[in-house]
Amino acid sequence: MPGKVTAFGECMDSPGTLNLKYTLMKTPAYAAPSAKAPLAPFTVERREVGPRDVAIDVLFCGVCHSDIHQARDEWGGSLFPMVPGHEIVGRVSKVGVDVRRFKPGDLVGVGCMVDSCRTCPPCRKSLEQFCEKGAAYTYNGTEMDRRTRTYGGYSTAVVVTEDFVLKVPAGLDPAAAAPLLCAGITTYSPLRQWDCKKGDRVGVMGLGGLGHMAVKLAASMGAEVTVFSTSLSKKADALRMGAHNLEIVKDEGVFKKLAGRFDLLLDTVSAPHDYGRCLGLLKPLGTMAVISVPTAPVQISPFALIGGNKRLAGSLIGGIAQTQEMLDYCAERRIVSDVEVIPVQKVNEAYERMLRSDVRYRFVIDIASFKP
Ligand code: NAP
Ligand code: ZN
Ligand code: ZN
């Protein structure tokens, strides 16, 4: 008697036994074999589409600094071999029988998550990133069965359950839209949470992939945006993106001159840095949202928070509903990322360049041209 097919395409033959019954699709990819080795060609096995699955031919995949942190095991616990990539834009190639929202040929996106429990209180509020069972992350994790490894978008195809697939609205350039799936939602979400609006003064620390999206989005909401950067050479770009000014963080005088001016700070600096100095920039009751994940713990003086009832907050990506809202918002306003499109063979070089802050402003891998 055939077993019951689950959402993941496994077959439960007898209680407690999971057997993969579907044909697995061999999919060319690029993977980090270990924390110390460069990324190299690899083959992943994608499941055949189940009833609620969407198979996607990947066109473009952005390169996020989180890919580097994880491929180099800077946060600990990385799973190897690892196929990074969670800024995926592609075309639907096949859908399962119960899929209602997508059809072959649709332009779609996949971000940092590919599943969650759907039933816990955070999931019911579409805060799937806080799923009480732990969301299934697009790579360096497992599906909700906690066994089947997930592999990301540095690969020619992905198979994702319908509810975690986003519609990429017409009018958005597919390559330039790919970074919206992580850099876009990760900066849009805190701007919404802390109610960014016309006239607010918003500071963006670091003008990289996340930082440049933060500038564009905050400016589109009417904020007066100041960028805090190590590179004066990025000033013209920052102004073109809608910033009011760019200040150099090496200059201590800047922190004195601008003390107490900002309603909201979005911190996207990927390397360890001084949070206390940033908190000094806030107005009373202002919020500093920590978005970046440098590897070393930080120390701050309680006085930096108490003087002015300031908030030091965190923000992790964004839920699926808000990701779709952000994509629609960006499409209406023609907001996309500034990208440098590269072949997958250049990904190791791209990582090195990102570590030198030498990227204007997001590398995006042209996966469609990947011929293994
Ligand atoms: P990125 O493109 O490499 O940008 C990081 C920027 O930080 C650089 O462009 C640079 O800006 C600044 N920076 C780098 N090294 C620095 C140093 N030593 N001192 C001062 N500034 C430095 O990285 P990203 O993709 O935007 O990601 C940024 C961080 O956010 C990473 O830690 C990533 O893991 C994290 N992240 C978090 C979430 C979340 O959900 N919270 C989601 C995605 C990514 P300037 O050249 O302007 O100085
Ligand atoms: Zn990311
Ligand atoms: Zn949940």
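Atoms within each ligand, like the ligands themselves, are counted from 1 in listed order.
If you put the vertex on the Zn ion (ligand 3), SG of C131 and SG of C120 sit 120° apart, to the nearest 10°. Around the Zn ion (ligand 2), the angle linking C64 (SG) with C182 (SG) is 130°, rounded to 10 degrees. C123 contributes SG and C117 contributes SG; the angle these two atoms make at the Zn ion (ligand 3) is 120°, rounded to 10°.
A donor-acceptor pair under 3.5 Å is formed between the side chain of R277 and the backbone N or O of V249. A donor-acceptor pair under 3.5 Å is absent between the side-chain atoms of T287 and the main chain of L264, judged by distance alone. When atom types are taken as modelled, the side chain of W75 and the backbone of P294 share no donor-acceptor pair closer than 3.5 angstrom. Between the side chain of T142 and the backbone N or O of R149 there is no donor-acceptor pair closer than 3.5 Å.
To the nearest 0.5 Å, the span separating NE2 on H244 from CD on E247 amounts to 9.5 Å. From I185, atom CD1 reaches atom CZ of R192 across 10.0 Å, with rounding to the nearest 0.5 Å. Atom CG of residue L282 and atom CG of residue L258 lie 12.0 Å apart, to the nearest 0.5 angstrom.
Relative to the six-membered ring of F262, R201 misses at least one condition, a distance below 6.0 Å or an angle of at most 45° to the axis.
Checked against the 6.0 Å centroid threshold, F60 and F363 do not count as a close aromatic pair.
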Could you check D267 against Y275 for side-chain hydrogen bond (donor to acceptor under 3.5 Å, both in side chains), going step by step and ending with a plain yes or no? CA-CA 9 Å; D267 186 352; Y275 284 23; 4.6 Å; no
Test log, rule side-chain hydrogen bond (donor to acceptor under 3.5 Å, both in side chains), inputs S220 and Y329: CA-CA 10 Å; S220 76; Y329 177 94; 2.6 Å; yes
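Side-chain contact between E340 and R360 is absent, with no heavy-atom pair separated by less than 4.5 Å. V110 has its side chain out of reach of L166: every pair of non-hydrogen atoms, C-beta onward, lies at least 4.5 Å apart.
Ligand 1 has no atom lying under 4.0 Å from any heavy atom of Y351.
Of all atoms in ligand 1, numbered sequentially from 1 with element shown, those under 4.0 Å from a heavy atom of A271 are 15 (N), 16 (C), 17 (C), 18 (N). For ligand 1, the atoms closer than 4.0 angstrom to any heavy atom of W75 are 34 (O). If you number the atoms of ligand 1 from 1 as listed, the ones under 4.0 Å from a heavy atom of R362 come out as 2 (O), 24 (P), 25 (O). Every atom of ligand 1 with a heavy atom of V269 under 4.0 Å away is listed here by number and element: 7 (O), 13 (N), 20 (C), 21 (N), 22 (C). Atoms of ligand 1 lying under 4.0 Å from at least one heavy atom of S231, given by number and element, are 46 (O).
Of all the N, O or S atoms in H86, the one closest to the Zn ion (ligand 2) is NE2.
With hydrogens left out, the protein atom closest to atom 46 (O) of ligand 1 is K234 NZ, 2.7 Å, a heavy atom. In terms of protein heavy atoms, atom 37 (C) of ligand 1 is closest to I291 O, 3.0 Å. Atom 26 (O) of ligand 1 has as its closest protein heavy atom L210 N, 2.8 Å. In this structure, atom 9 (O) of ligand 1 lies nearest to the protein heavy atom G208 CA, 3.3 Å. For atom 39 (C) of ligand 1, the closest non-hydrogen atom of the protein is T186 CG2, 3.5 Å. Residue, atom and distance of the protein heavy atom nearest to atom 45 (P) of ligand 1 are S229 OG, 3.4 Å. If you check which protein heavy atom lies closest to atom 40 (O) of ligand 1, you get I317 N, 2.7 Å. Scanning the protein for heavy atoms near atom 10 (C) of ligand 1, the closest one is S357 OG, 3.3 Å.
The nearest non-hydrogen atom to atom 32 (O) of ligand 1, considering only H69, H65, M213, E87, comes from H69.
When only interatomic distances are considered, the shortest N/O to N/O separation between L207 and ligand 1 falls below 3.5 Å. Not a single N or O atom of G206, backbone or side chain, sits closer than 3.5 Å to an N or O atom of ligand 1. Any N or O atom pair closer than 3.5 Å counts here, and S66 shares at least one such pair with ligand 1.
For C182, every heavy-atom contact with ligand 1 shorter than 4.0 Å involves the side chain, none the backbone. Neither the backbone nor the side chain of F228 comes within contact range of ligand 1; no heavy atom lies under 4.0 Å. At a heavy-atom cutoff of 4.0 Å, ligand 1 is contacted by no atom of H273, backbone or side chain. Only the backbone of T268 comes within 4.0 Å of ligand 1, counting heavy atoms alone; no side-chain atom from C-beta on gets that close.
Remark: the N348 side chain and the E352 side chain contain no N/O donor-acceptor pair separated by less than 3.5 Å. Side-chain atoms of E325 and T323 include no donor-acceptor pair closer than 3.5 Å.
Aromatic ring orientation, Y30 versus F370: perpendicular (interplanar angle above 60°, classes split at 30° and 60°).
With 2.8 Å as the limit, C112 does not count as an N, O or S neighbour of the Zn ion (ligand 2).
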